[in-house]
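The structure appears below as structure tokens.
Since the model is a prediction, treat every value here as computed from it, not as a measurement. Ligands are counted one by one from 1 in listed order, and the atoms in each one are counted from 1 as well.
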Amino acid sequence: MSETAPPDARAAGARPIPKPGILDIHPYVPGKAKVEGIANPVKLSANENALGSSPKAQAAYAGAGASLQMYPDPRANIVRAALAERFGLEPERLIFGCGSDEVFQILNHAYLEPGDNIVQGEYGFAAFAIGARACQAEVRMAHEPGYRIDVDELLKCVDERTRLVFLANPGNPTGTWIPFSEVERLHRALPPSVILVLDGAYGEFAVDPGFNDGLELARRSQNVVVTHTFSKLYGLAALRIGWGYAPDDIVAAYDRIRAPFNTSIPGQLAAVAALGDEAFQRASVALTEQWRPWLAQQLGGMGLEPVGPSATNFLLVGFPQKPGKTALEAEAFLATRGLLVRSTAVYGLPDHLRFTIGLEEHNRALIEALADFMRG
Ligand SMILES: *Cc1c(COP(=O)(O)O)cnc(C)c1O
């Protein structure tokens, strides 16, 4: 916590001073996209879709070029209707954001006062905490034994100032998941005044029958919000469309403070087309299913430790602490081969790296480079 400047100190400042705590926030660190001296590196650092995006979504996006002077529909009604139809949801219970990042941000802003808190796993996605800290709320990190969310640990952190519990399931950067029975147990144990946010950014990749994204729990609850994104399975990260399914009261609060035009016309058109392209979605899941076990096995064979099991389009991998073999050195070595991966040091995991599952040639190149690194 930062020093709390009394209000008159801010007024007496020689220049404008932000609210207490703002400058203590660590800005979000994105996955690296560039490396010095290499023209077209392979980007395995941001969990983007290795297959790109649906040709139908690309065509819809291109078709929006003639209407750039227009404001978008503030309620994103075409996306709303398509999602409601596809997942059997009440359209008026859907909320939209500039990526699901903004959905988290708006929920934080609507529910947090200074001194309130949010609870998340210790390796929880960084976007949850940034918005909470901007509201001068405390971020409570629950221990994740074995790199996996533990419901009892989350519950231990909940107190009378807790307003939101954020659970990415499967998690990022861990890739691990908890079964729906555990999510239900968490929900049953939470006070009804606490919002449980179930971030399903990677839910579409989780094919185990024990997994459930929680839409059915949200339907019958007053305090559950399920979020999803068009950034991962649908390959539309550039267009920034996230959505949530929430109880009426939460929708009412949300829609009062969001920016009116927080999704774009090209984004809305492409999202609807992407939602309709189930062949692309199936191919994306199949690619992950095919290469994730192969990568895990190859990595294990060279003495590295994949965290798991992952139910996502990425793998978190542990490196030795031995000089010459560390995660930091591996990241630098891979960059010289044009392979960009994600350091997880900002998540408190300095001995791990996160690899997005790529196309076959990317995955093979990654394993070859790592084999050289481990030998070298
Ligand atoms: C990528 C990701 C999201 C989605 O972010 P967008 O803002 O929708 O692009 C949400 N949660 C987690 C855990 C993610 O990794």
Subject >> Proximal atoms of ligand 1 relative to Asp101 (non-hydrogen, under 4.0 Å) >> reply: 5 (O), 7 (O)

Original post:
Is there a donor-acceptor contact under 3.5 Å from the side chain of Arg161 to the main chain of Asn117?
Top reply: no

Subject >> Between Phe104 and Phe128, ring centroids under 6.0 Å >> reply: yes

**OP:** Please verify whether a non-hydrogen atom of Asn47 lies at under 4.0 Å from ligand 1.
**Re:** no

**OP:** Using a strict 4.0 Å cut-off to heavy atoms of Asn172, name the atoms of ligand 1 that fall inside it.
**Re:** 13 (C), 14 (C), 15 (O)

Subject >> Distance flag, aromatic centroids of Tyr147 and His352, threshold under 6.0 Å >> reply: yes

Original post:
Does Lys232 offer a backbone N or O that forms a donor-acceptor pair with the side chain of Asn49 under 3.5 Å?
Top reply: yes

Subject >> Donor-acceptor side-chain pairing of Asn172 and Arg354 below 3.5 angstrom >> reply: yes

Subject >> Which of the ligand 1 atoms, numbered from 1, are nearer than 4.0 Å to a heavy atom of Gly99 >> reply: 6 (P), 7 (O), 8 (O)

**OP:** Write out the residue and atom name of the closest protein heavy atom to atom 11 (N) of ligand 1, then the distance separating them to 0.1 Å.
**Re:** Asp199 OD2, 2.5 Å

**OP:** Check each atom of ligand 1 against the heavy atoms of Thr229 and keep those under 4.0 Å away; list them by number with element.
**Re:** 4 (C), 6 (P), 8 (O), 9 (O)

Original post:
Which residue holds the protein heavy atom closest to atom 7 (O) of ligand 1, what is that atom called, and what is the gap in Å?
Top reply: Arg240 NH2, 2.7 Å

Subject >> Nearest neighbour in protein (non-hydrogen) for atom 1 (C) of ligand 1 >> reply: Lys232 NZ, 1.2 Å

Subject >> Test item: Gln58 side-chain N/O and Ser53 main-chain N/O as donor-acceptor pair under 3.5 Å >> reply: yes

Subject >> Proximity flag Phe230 to ligand 1, non-hydrogen atoms under 4.0 Å >> reply: no

**OP:** Looking only at protein heavy atoms, identify the closest one to atom 9 (O) of ligand 1 and say how far it is in Å.
**Re:** Ser231 OG, 2.6 Å

Subject >> Output field: ring centroids Phe314/Tyr202 closer than 6.0 Å >> reply: yes

**OP:** State whether Trp291 and Arg364 meet the cation-pi test: NZ (Lys) or CZ (Arg) under 6.0 Å from the six-membered ring centroid, and within 45° of the perpendicular axis.
**Re:** no

Subject >> Top protein contact for atom 4 (C) of ligand 1, by heavy-atom distance >> reply: Ser100 OG, 3.2 Å

Original post:
Can you list the atoms of ligand 1 that are under 4.0 Å from a heavy atom of Ala201?
Top reply: 2 (C), 3 (C), 10 (C), 11 (N), 12 (C), 14 (C)

